[in-house]
Structure formats: structure tokens, C-alpha cells
Amino acid sequence: MTETQVLNETGTTLAFSTDYKRIAVEEAWAPQQLLDVYRTELAAGNISDPGFNSLWGYYLGNTERASALSARIVEAGPNRLAAMDAAGVDVQILSLTCPGVQILKTDIARTLAVEANNILKESVDAYPDRFYGLTAIAPQDPEHAAQEIRRGHDNLGFKGVIINSHTQGEYLDDKKFWPIFEAAESLNTPIYLHPNTPSPQMIQPYVESGLDGAVFGFAAETGLHLLRIITSGVFDRFPNLKIVVGHLGEALPYWMWRIDFMHATSVKSRRYEAIKPLKMRPSDYLKRNIWFTTSGMPWAPAVEFVRDVVGTERVMFAWDYPYQWDPQEVAALDALPWSIEEKKEFFQGAAEQVFRL
Ligand code: 1DF
Ligand code: MN
């Protein structure tokens with residue numbers, strides 16, 4: 001194994017293998033314009049979603065973490081590259097941070113999604129060997145979203161689509177959103193289903209206990225969203241659709257045996273109008289249509305479990321900069337007891353394959 005030594009911000013020397021590239025695939029970014037709109041809308045009390053008020057009320061506040069975060073998230077240049085260098089991250093796939101434009105009124109959401117994509121392209125073009133981009137969309141207007149997916153893929157060179165879970169309490173299994181799936185499938189470009197705070201319909205018990213954020217609420221929301229996409233039959237209609245999900249699958253791999261069992265029970269009993277027969281078991285879609293990233297979960301037992309149950313070829317590295325980025329975490333994953341080939345697949349090959357880099 002060949003190594004390069006890096007002295008990081010904390011003065012620790014870390015050693016990184018140079019036998020493979022480390023590509024981080026869930027890396028947040030936002031144009032300053034979007035944060036300005038968030039600030040104005042929050043101050044005016046225009047957005048009723050409690051999750052948005054909790055999340056961005058905090059990150060646009062005056063605490064040390066909030067100021068550091070909002071400074072880092074709008075930057076896709078030297079500072080970000082320095083943080084990547086110090087941690088041994090070679091490449092970031094940048095995506096519009098949660099909840100993107102999905103919280104805004106449809107007309108401004110469309111405009112800002114297009115603007116964000118144009119701005120992101122400038123950063124990607126400035127550092128083509130360090131950054132890739134995902135296309136931001138306004139699912140509020142599914143036809144416009146489909147058109148923007150095509151523009152992002154064909155004209156901007158982006159490698160997939162970012163959707164930050166629910167859009168104002170609506171989920172993508174609703175057929176009105178399916179033009180989005182149709183566009184992504186026909187271009188063979190993946191959708192990254194990123195977390196959002198729980199939808200307004202389910203957030204109360206989370207927010208009153210302070211558990212609405214990345215600690216658990218994100219996973220409850222996003223795991224539910226992914227499961228709804230599976231059980232509604234999206235993948236029977238779009239068998240080649242690829243969805244990438246963070247946080248090691250938002251707990252679904254751990255649940256999948258019981259989900260299969262209980263889904264079959266529900267189909268048989270005809271207990272629910274919404275639960276219809278599928279061509280395959282829910283777990284089969286997890287192993288055919290879904291790719292899994294380690295954002296926020298650089299924890300060896302969980303990583304090993306997910307690799308074991310869904311297959312090593314669909315589990316890949318993500319760093320979650322600038323929310324949960326720790327240089328030591330990257331080094332810890334680098335030190336896992338896998339062969340060089342396995343590490344190359346995890347840090348580089350799986351991402352190259354699913355995002356077609
Ligand atoms: C947080 C975490 C925020 C993640 C995020 O976007 C985010 C956080 C607003 O810790 O507040 O993407 N994350 O993916 O874990
Ligand atoms: Mn994230």
C-alpha cells in the first residue's frame with residue numbers, strides 16, 4: 001500500500017493510501033442567494049413547516065457552529081479543498097443542501113433551482129478534477145423538474161439529481177411526481193434521496209423532544225420516504241431507476257427481513273388499499289435499484305452489516321461536509337480490514353459506477 005502523509009488542522013499527522021481515490025458523494029453546498037431567501041422567509045414567518053424553522057432557524061442563528069456552517073456551505077473553492085486535502089478526500093459530489101428550494105413557492109423555487117445549478121456549474125468547471133455536481137430541482141412543478149434534470153445532465157454535465165425528501169409534506173410515490181422518475185430513468189442518471197426534517201404531518205413528537213434533526217428525525221423521514229417509493233410500485237414501473245440514499249440506507253437494510261415478511265402478510269390479507277402485490281420482495285429492490293452511502297455513519301459494525309446484506313458493490317463513501325466531517329473518520333474507514341480492491345470499490349469504484357463519473 002502506498003501512502004501520503006498529511007498534517008491536518010488539529011496538528012495530527014494522518015496517513016492516506018494513494019492506491020485509490022476517495023470520492024465523497026453527499027457533500028452539501030448552497031448559493032448565498034438561497035440562504036438569503038431562507039433568512040427573509042424565516043423573518044417574515046412565511047414558512048409554516050416546523051422542520052424548516054427548526055433547522056434553518058438554528059443554522060442562520062448566531063452560534064459558533066451556525067456561523068462556521070453557513071460560511072463553509074456557500075464556498076466551493078480553496079477552503080473546501082483545504083478541508084478535503086487535510087482529510088484525504090480527493091473528490092466531492094456537490095449537492096444543494098436540505099431542503100433546497102423544496103420549501104419555497106413554486107415560481108421562486110423553479111427560478112432558484114436553475115440559478116443554483118448554473119452557479120454550481122461554475123465551481124465544478126473551476127476544479128474539474130475535485131468537484132462534480134448533482135442537479136437541483138423544484139418537485140413542486142414535476143414537468144419543469146424533469147426538464148431541469150435533462151438540462152443538468154445534457155448541458156451542465158451533472159452526474160445525478162438531488163431531492164431532499166418530502167416536498168411540503170408530499171412524497172414522490174404520488175404519481176404526479178413520476179415525470180421526475182421517468183426523466184432520471186431515461187437518462188440513466190441516479191436520484192440522491194437526501195434527508196429532510198420530518199414532514200409537517202409527523203414532526204410534532206420529534207420537534208418537541210429535540211429529535212427532529214440528524215440525530216434521528218432525518219432517518220425516520222427519509223427511510224419512510226424510500227419505503228413508500230418501493231411499496232407503491234415505482235420500481236415495477238421504472239425498473240432501471242437508480243436511487244442513492246445516505247446514512248447507510250436510513251435504517252432500511254436493518255429492517256429488511258421484517259419488511260419483506262410483513263409486506264407479504266399485508267398483500268395476502270388485503271388489509272390496505274395502498275399495499276398491492278409487487279413483482280419482487282421489498283428487499284429485492286434494495287439490492288437492485290438502491291445504492292447506499294456512509295454519510296454520518298462511519299461506524300465499522302454498521303458498514304459491515306450493510307455491505308453483508310445489500311452487497312459490497314452498492315455501498316460507498318460519503319462525508320457529509322460541512323455538517324459532519326471529521327478527518328479522523330476518513331482515516332478510520334481507510335483503516336478497515338479490507339483488501340485494497342475492496343477499499344477501491346468502496347471509496348471510488350461504486351461511485352464511479354452509479355454516477356457514471
Ligand atoms: C445536518 C446533517 C444537516 C445532514 C444537513 O442538511 C444534512 C445536521 C441541512 O447535522 O444538521 O445534510 N446530514 O446529511 O446528516
Ligand atoms: Mn447530508
Side-chain angles (χ1 to χ4, degrees), residues 23-32 34-35 37-39 41-42 47 49-61 63-76 80 83-84 89 92-104 116 120 132-134 136 160-167 190-199 203 206-207 209-223 225-226 243-251 291-299 302-303 316-326 329-330 351:
I23 303 172
V25 302
E26 186 193 309
E27 312 309 311
W29 167 86
Q32 184 61 50
L34 181 67
L35 300 196
V37 170
Y38 283 177
R39 198 182 290 280
E41 297 289 304
L42 278 170
I47 296 177
D49 181 340
F52 178 77
N53 284 277
S54 169
L55 185 69
W56 282 99
Y58 171 63
Y59 281 122
L60 292 174
T63 63
E64 200 181 316
R65 172 166 166 83
S67 312
L69 184 286
S70 51
R72 284 190 184 276
I73 199 145
V74 296
E75 198 260 1
R80 188 180 287 254
M84 291 161 63
V89 174
Q92 284 193 350
I93 302 184
L94 300 169
S95 54
L96 189 65
T97 199
C98 150
V101 303
Q102 290 166 241
I103 198 71
L104 304 171
L120 180 57
Y132 293 105
L134 300 185
V161 180
I162 180 75
I163 301 182
N164 291 293
S165 201
H166 75 86
T167 300
I191 294 173
Y192 203 116
L193 187 71
H194 184 276
N196 192 353
T197 45
S199 59
I203 200 173
Y206 292 90
V207 79
S209 55
L211 300 174
D212 51 299
V215 61
F216 193 73
F218 279 18
E221 156 68 21
T222 315
H225 197 163
L226 182 61
I243 292 188
V244 183
V245 65
H247 314 96
L248 287 175
E250 313 293 0
W291 277 256
F292 302 83
T293 86
T294 58
S295 55
M297 302 282 279
W299 184 37
V303 176
M316 75 194 92
F317 172 61
W319 198 25
D320 223 338
Y321 182 92
Y323 291 104
Q324 192 177 342
W325 55 292
D326 175 355
E329 290 176 3
V330 181

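Numbers here are sequence positions counted from 1. Values below: every heavy atom of this structure, side chains too, minus hydrogens, waters and symmetry copies. No experiment lies behind these values; they were computed from the predicted model shown. Each ligand, and each atom within it, is numbered from 1 in the order the structure gives.
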Exercise. In terms of side-chain heavy atoms, does Q102 have a donor or acceptor partner in T167 at a distance below 3.5 Å?
Worked result: yes
For this session: Indicate whether any N or O donor in one side chain lies under 3.5 Å from an N or O acceptor in the other, for H166 and E221.
Result: no
Exercise. Are the aromatic rings of F218 and Y323 close, with centres under 6.0 Å apart?
Worked result: no
Problem set entry | Polar protein atoms (N, O or S) that approach the Mn ion (ligand 2) to under 2.8 Å | E26 OE2, H194 NE2, D320 OD1
Exercise. Without hydrogens or angle criteria, can the side chains of D212 and T197 be said to hold a donor-acceptor pair below 3.5 Å?
Worked result: no
Problem set entry | Candidates I23, V89, V25 - the one meeting side-chain contact (heavy atoms from CB on, under 4.5 Å) with F317 | V89
Problem set entry | Residue contacts for ligand 1, heavy atom to ligand atom, distance under 4.0 Å | E26, L55, Y59, R65, T97, C98, H194, A214, F218, H247, D320, Y323
Seminar exercise, completed: Taken in chain and number order and not counting sequence neighbours, the residues that satisfy side chain to side chain donor-acceptor pair (under 3.5 Å) with Y206 are none
For this session: Applying side chain to side chain donor-acceptor pair (under 3.5 Å), name anything that partners Y321, two or more places apart in sequence or on another chain.
Result: R72
Problem set entry | Centroid-centroid distance, F52 to Y38, less than 6.0 Å | yes
Exercise. Does W56 reach the main-chain N or O of N53 with its side chain, forming a donor-acceptor pair under 3.5 Å?
Worked result: no
